[in-house]
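Here the structure is laid out as structure tokens; the discussion comes afterwards.
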Amino acid sequence: MSASFVPKSDFLSVLMERGYIHQCSDFEGVDAKAKAGELIAYIGFDCTASSLHVGSLVQIMMLRWLQKTGGKPVPLMGGGTTRVGDPSGKDESRRMLSLDDIEANKTSIKQVFSKFLTFGEGRTDAVMPDNAEWLTALNYIDFLRDVGRHFSVNRMLSMDSVKMRLERDQELSFIEFNYMCLQAYDFAELYRRYGCLLQMGGSDQWGNIVTGIDLGRRMGAPQLYALTSPLLTTASGAKMGKTAAGAVWLNADMLPVYDYWQYWRNTEDADVGRFLKLFTDLPMDEIRRLEALAGAEINEAKKILATEATAMLHGREQAMAASETARKTFEEGELATSLPTVEIAAGELADGIGVLNAFVKVGLVPSTGEARRQVKSGGLRVNDAVVSDERAQLTNADLTGGVIKLSFGKKKHILLAPR
RNA sequence: GGGGGAAUGUCCCGAGCGGCAAAGGGGGCGGACUGUAAAUCCGCUGGCUAUGCCUUCGCAGGUUCGAGUCCUGCUUCCCCCA
């Protein structure tokens with residue numbers, strides 16, 4: 001980032017101040033467009049899964065700030081590119097998604113965007129096109145003639161991502177080599193359709209975005225711009241968005257609100273300030289105050305981070321409920337009825353069910369073998385009492401207030417209720 | 001087309017004289033310590049109706065009391081020559 005540059009637009013001021021920016025092709029240019037209220041920007045999203053996860057949140061937030069500062073955000077669904085399958089994840093035979101799957105994923109993903117952006121027909125309202133709209137209509141010969149001639153292979157070969165692969169003798173498939181052409185074409189097409197001037201994305205997208213700018217110029221678009229965000233890792237170097245249980249999904253049906261809240265609550269100390277800036281709307285003054293908290297006090301900042309981030313996605317009411325459940329569970333050690341509950345046939349419980357199987361049944365551990373191991377290391381508890389006998393049975397006698405509380409480790413609790 | 005390598009515990013990397021549920025890492029999980037953090041230390045890291053049974057080393061056959069290990073064929077990937 002150019003050290004001397006001082007933005008005049010709200011958009012760049014916010015992004016710079018909050019740490020969203022890694023590189024920008026032309027700060028002054030973007031700044032001027034934003035200042036004039038003419039900035040329309042897009043970010044591409046895969047629709048390989050029915051939900052985005054935390055890893056995409058920085059991108060979503062950039063679109064959100066764009067809208068809040070007077071620009072028009074364009075989240076682009078990669079419905080067309082998804083059909084090809086992104087080859088850069090080098091694990092070979094990635095399954096091809098059916099068109100129905102892709103369509104379903106798009107619908108599901110759009111729900112998330114509507115939490116962060118306002119869609120509509122207005123000047124700053126977001127629109128969500130799908131690159132399948134133009135990519136699938138392409139004819140190979142026409143594409144080569146109209147678009148392909150603008151790509152310089154010499155130039156493509158000189159790009160870092162390509163150069164690296166060639167130097168290491170790693171295979172670079174033709175389809176992968178073409179992927180950037182399709183993405184570049186998206187940019188040109190979005191300019192044509194929406195007057196989109198800026199493409200944003202993660203820092204790994206820089207090369208692809210710049211290729212798009214280049215193509216735009218050759219195809220007669222005005223100057224286009226690139227802006228990338230830093231690749232996010234936690235302070236200890238782990239990738240964001242992955243936990244033991246899998247990805248931190250944004251859709252509530254794939255990750256319960258409580259778990260989402262917990263994800264943020266468990267942020268490392270060193271990340272609190274950075275995350276508050278990136279993942280909440282809190283004013284900077286407030287954030288500066290929170291990140292100055294030291295020692296155990298920083299837990300207050302983490303709770304605020306969790307509640308704010310959750311509220312943005314799932315609504316304030318749900319966020320408060322998650323916060324309250326956590327408070328009861330951790331600070332009062334009391335049984336909160338809002339913990340996830342799994343039902344069991346009343347008769348089954350009356351007959352007695354093995355502890356190990358009970359833990360497997362509610363999904364806290366994957367197998368009885370794992371349950372057995374956890375008993376040995378003291379990781380399982382029933383009604384807060386450590387399980388020491390793996391042969392123990394759970395019966396109606398274990399019901400406390402109509403349920404049995406099963407805990408795995410300190411943080412994972414599930415209630416077992418007879419039905 | 002010719003020659004030479006490689007594929008191992010369904011997260012990854014990676015050892016493996018014919019007796020192997022298979023060394024060692026990383027990652028992950030649990031425990032201790034804390035603050036629901038980090039760091040550190042300890043334990044665990046195929047499945048089950050479990051003093052036993054079943055399934056794992058690219059795929060399919062074969063040799064053998066016994067195969068990840070030896071043989072044959074196949075698949076995929078890499079390297080060298082053409």
Side-chain angles (χ1 to χ4, degrees), chain A residues 87 89-95 165-173 176 233-248 256 258-276 290-307 309-310 322-334 336 339 348 351-361 363-382 384-393 406-414:
Chain A
K90 56 178 181 266
D91 62 326
E92 27 31 72
S93 55
R94 182 169 304 204
R95 77 194 174 101
R165 299 283 282 279
L166 295 180
E167 277 168 6
R168 287 188 196 160
D169 271 334
Q170 283 177 339
E171 176 170 283
L172 177 69
S173 72
E176 192 171 353
T233 55
T234 68
S236 26
K239 258 191 198 160
M240 289 267 322
K242 300 281 184 189
T243 67
V248 181
Y258 177 72
D259 291 351
Y260 189 75
W261 192 92
Q262 280 295 329
Y263 173 74
W264 293 109
R265 171 63 243 262
N266 286 315
T267 298
E268 295 175 30
D269 286 10
D271 288 325
V272 172
R274 201 158 54 103
F275 286 4
L276 280 166
L290 290 171
E291 68 182 335
L293 295 174
E297 282 195 339
I298 196 144
N299 280 321
E300 291 311 311
K302 291 185 189 180
K303 287 176 202 166
I304 292 171
L305 168 64
T307 302
T310 306
S323 171
E324 183 57 16
T325 300
R327 195 183 64 79
K328 281 191 176 152
T329 310
F330 286 99
E331 294 175 24
E332 296 176 9
E334 152 185 328
L339 283 171
E348 199 175 343
D351 294 343
I353 176 172
V355 242
L356 301 180
N357 284 321
F359 276 91
V360 175
K361 198 174 197 74
L364 281 172
V365 294
S367 68
T368 55
E370 176 65 16
R372 203 175 305 270
R373 275 176 232 119
Q374 289 302 343
V375 167
K376 286 199 188 91
S377 50
L380 301 185
R381 277 164 295 140
V382 171
D384 296 317
V386 174
V387 177
S388 52
D389 176 12
E390 61 182 47
R391 290 163 178 273
Q393 296 277 312
L406 302 180
S407 309
F408 173 43
K410 290 205 170 70
K411 298 178 188 173
K412 280 161 284 190
H413 312 280
I414 285 188

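Labels below follow one simple rule: chain letters A, B, ... track the order of the sequence lines, proteins then strands, and each chain is numbered from 1. Since this is a predicted model, take the numbers as computed values, not measurements.
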Nearest-nucleotide pick for A:Phe408, side chain only, options being B:U36, B:G31, B:G30: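 Selected nucleotide: B:G30.
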Using nucleotides 45-48 of chain B, report all nitrogen or oxygen pairs with the protein that are shorter than 3.5 Å.
| from | atom 1 | to | atom 2 | distance (Å) |
| --- | --- | --- | --- | --- |
| B:G47 | OP1 | A:Ser367 | OG | 3.0 |
| B:G47 | OP2 | A:Arg373 | NH2 | 2.4 |
| B:C48 | OP1 | A:Thr368 | N | 3.2 |
| B:C48 | OP1 | A:Thr368 | OG1 | 3.4 |
| B:C48 | OP2 | A:Thr368 | N | 3.4 |
| B:C48 | OP2 | A:Thr368 | OG1 | 2.9 |
| B:C48 | OP2 | A:Gly369 | N | 2.9 |

Sugar-phosphate only, base, or nothing, as touched by A:Lys376 at under 4.0 Å among non-hydrogen atoms: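 Touches nothing.
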When the [atom1] atoms of [N] and [M] are considered, how many whole Å apart are they?
N	M	atom1	value
B:A22	B:G4	P	36 Å
B:G46	B:G62	C1'	28 Å
B:G14	B:U8	C1'	9 Å
B:C78	B:U72	C1'	23 Å
B:U10	B:C59	P	13 Å

B:C29 OP1/OP2 closer than 4.0 Å to side-chain N/O of A:Lys411: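 No, because none of the side-chain N or O atoms of A:Lys411 sits under 4.0 Å from OP1 or OP2 of B:C29.
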NZ (A:Lys361) with more than 12 external heavy atoms under 6.0 Å: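 No, the 6.0 Å shell around NZ holds no more than 12 heavy atoms from other groups.
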Length of the CD1-C1' vector between A:Ile298 and B:A38, whole Å: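 Atom CD1 in A:Ile298 sits about 11 Å away from atom C1' in B:A38.
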Atom-to-atom span, CG of A:Asn299 to P of B:G35 - whole angstrom: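 Answer to the nearest Å: 9 Å.
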A:Thr267 side-chain N/O to A:Trp264 backbone N/O, donor-acceptor pair under 3.5 Å: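 Flag set: sc A:Thr267 to bb A:Trp264 pair under 3.5 Å.
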